There are 2 protein chains.
Amino acid sequence: MPKKVDPRQRRTLIADALMRVAAQQGLEAVSLRHVAAAAGVSAGMVQHYFRTKDEMMAFALSVVRDRSQARVTDAVAALGDRPAPRQLLRAMIAALLPLDEQSRDDGRVALAFLAYTAVRPEAAATLRKDNRQLVDFVAGLLPGPDADAAAAGLLALMEGLGVHLLGGNYTPQQALRALDHHLDLIFEATGGAGERPPVTPT
Amino acid sequence: MPKKVDPRQRRTLIADALMRVAAQQGLEAVSLRHVAAAAGVSAGMVQHYFRTKDEMMAFALSVVRDRSQARVTDAVAALGDRPAPRQLLRAMIAALLPLDEQSRDDGRVALAFLAYTAVRPEAAATLRKDNRQLVDFVAGLLPGPDADAAAAGLLALMEGLGVHLLGGNYTPQQALRALDHHLDLIFEATGGAGERPPVTPT
DNA sequence: TCGGATGCAGTGCAGTCGTATTGCAAAAGC
DNA sequence: GCTTTTGCAATACGACTGCACTGCATCCGA
């Protein structure tokens with residue numbers, strides 16, 4: 001074994017560069033040479049770690065998934081043990097929304113990948129599975145009958161808020177207000193266990 | 001004036017071909033030659049009617065906007081005079097959701113353009129204006145205080161349902177159920193004037 | 001009848017794309 | 001010390017891109 005390098009580290013280095021390019025110029029600007037330049041490495045090296053561009057894209061997509069998953073688990077962990085369902089959901093969703101500049105970049109990439117997978121059904125399967133798990137998890141936290149429909153609606157609301165945030169249609173404050181309003185409806189209408197907390201710091 | 005041709009007709013012919021290509025292979029597959037082939041015309045002709053590719057893209061985007069606007073006005077007109085707010089909103093939103101195969105294609109193109117404009121802020125301005133008008137209109141139909149937040153939430157829900165429909169995460173039935181569930185919350189919780197109709201045909 | 005404008009096809013060009021291939025330096029095993 | 005394997009750089013190639021340009025047919029106005 002020659003030269004001791006960590007292949008995974010190299011691959012994530014390249015994937016990070018890819019995401020930087022995609023966030024600023026869109027996925028269609030992602031080429032081997034652009035990514036290599038953004039990563040400060042040679043095009044040959046990119047090719048060395050990803051034999052094909054599709055392989056590189058798939059890896060970058062998995063990085064996006066992992067990153068947002070980590071965001072969620074971090075936010076949940078910060079709430080301590082046995083948080084109220086409403087606070088848990090709010091923290092989860094807020095963690096996934098592109099509210100600050102950093103997560104806006106991630107959101108742009110995610111949106112680009114969304115359009116990307118819409119034309120490549122084979123890459124959409126894992127995303128579907130992720131969403132299925134999310135729906136089930138959220139449904140378990142919601143009160144009342146029709147928890148499935150409510151969970152689907154809540155996650156759709158999150159997705160839509162994200163899109164509108166990226167499009168500049170809503171400010172972070174507006175998005176959070178819409179989210180809290182929706183949580184009000186869900187938890188108050190059905191007499192759920194989670195009242196709205198007196199203060200909702202951002 | 002030689003040869004009597006309607007330039008607008010030609011341009012929409014080309015734009016339709018563009019949308020066909022974009023719906024099936026994504027926006028990044030849209031090139032002068034591909035669009036020309038899909039339209040059954042020469043590449044030179046495309047170039048004749050759109051001096052630059054950006055011009056063609058901008059026109060296609062405007063066609064997408066016009067088409068969805070027409071979908072809404074059609075759906076509203078079909079409801080007759082003075083429909084109940086809830087029915088009006090449901091019809092509007094259902095008209096904008098990619099529920100059948102035909103509107104799924106349009107939705108795919110719209111999603112692609114969403115990611116497209118996310119990187120080209122100058123093209124996003126008109127979309128922002130459209131959404132602003134929609135929010136105001138919807139807010140006027142909603143009961144209770146916080147109508148603005150409720151309207152933003154409802155439109156975000158619509159957007160998210162559309163994305164999830166395109167991603168294959170939800171079936172049309174699930175999306176409509178989530179929509180009706182949300183409308184239940186909005187109109188029942190605040191004692192609004194619109195009860196849920198006994199039957200909700202699709 | 002005859003210019004001239006217009007609609008459109010075709011070609012050429014410089015550039016970028018993904019990928020295959022080659023070359024070479026460095027480190028590990030013999 | 002020599003071979004082999006690995007990490008990486010560089011180049012070559014064919015396909016494709018957007019765009020400029022040329023050529024030609026058609027039709028209108030004078």
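Model, not experiment: these values are computed from the prediction. Per chain, numbering begins at 1; letters A, B, ... match sequence-line order.
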Nearest-angstrom distance from the residue atom CZ of R8(A) to C1' of dG7(D): 19 Å
Nearest-Å distance, CZ (R51(A)) to C1' (dT21(C))? 15 Å
Would you classify V30(A) as touching base, sugar-phosphate or nothing, given that sugar-phosphate means primed atoms plus P, OP1 and OP2, and contacts are heavy atoms under 4.0 Å? sugar-phosphate
Whichever of H48(A) and R33(A) has the more 5' nearest nucleotide on DNA chain D, that residue is H48(A)
Whole angstrom is fine here: how far is it from CG in L13(B) over to P in dG7(C)? 15 Å
Pair D6(B) + R11(B), salt bridge at N-O below 4.0 Å: no
With sugar-phosphate meaning primed atoms plus P, OP1 and OP2, does V46(A) contact a base, only sugar-phosphate, or nothing at under 4.0 Å between heavy atoms? nothing
Looking at D16(A) and R20(A), is there a salt bridge between them, counting it only when a charged N and a carboxylate O are closer than 4.0 Å? no
Is a salt bridge present between R177(A) and D148(B), judged by a nitrogen-to-oxygen distance below 4.0 Å? no
Under-4.0 Å salt bridge between R108(B) and D105(B): yes
D54(A)/R120(A) ion pair, N-O < 4.0 Å: no
Measuring to OP1 and OP2 of dT16(C), would you say a side-chain N or O of H34(A) lies under 4.0 angstrom away? no
Closest to the 5' end of DNA chain D, once Q47(B) and A43(A) are matched to their nearest nucleotides, is A43(A)
It should be established whether T52(A) places a side-chain nitrogen or oxygen under 4.0 Å from OP1 or OP2 of nucleotide dT19(C). yes
Is S31(B) near enough to dT17(D) that one of its side-chain N or O atoms lies under 4.0 angstrom from OP1 or OP2? yes
Over how many whole Å does the gap from K53(B) atom NZ to dC16(D) atom P extend? 15 Å
Between dG7(C) (C1') and I14(B) (CD1): distance, integer Å: 12 Å
What's the CE-P distance between M45(A) and dT6(D), to the nearest Å? 17 Å
Atom CE of M57(A) and atom C1' of dC17(C) are separated, to the nearest Å, by 13 Å
Would you kindly give the CD-to-C1' distance between Q9(A) and dG7(D), to the nearest whole Å? 14 Å
Kindly point out which of dA9(C), dG18(D), dT19(C) is positioned nearest to the side chain of L32(B)? dG18(D)
Looking at the side chain of Y49(B), which of dG18(C), dG7(C), dG18(D) is the nearest nucleotide? dG7(C)
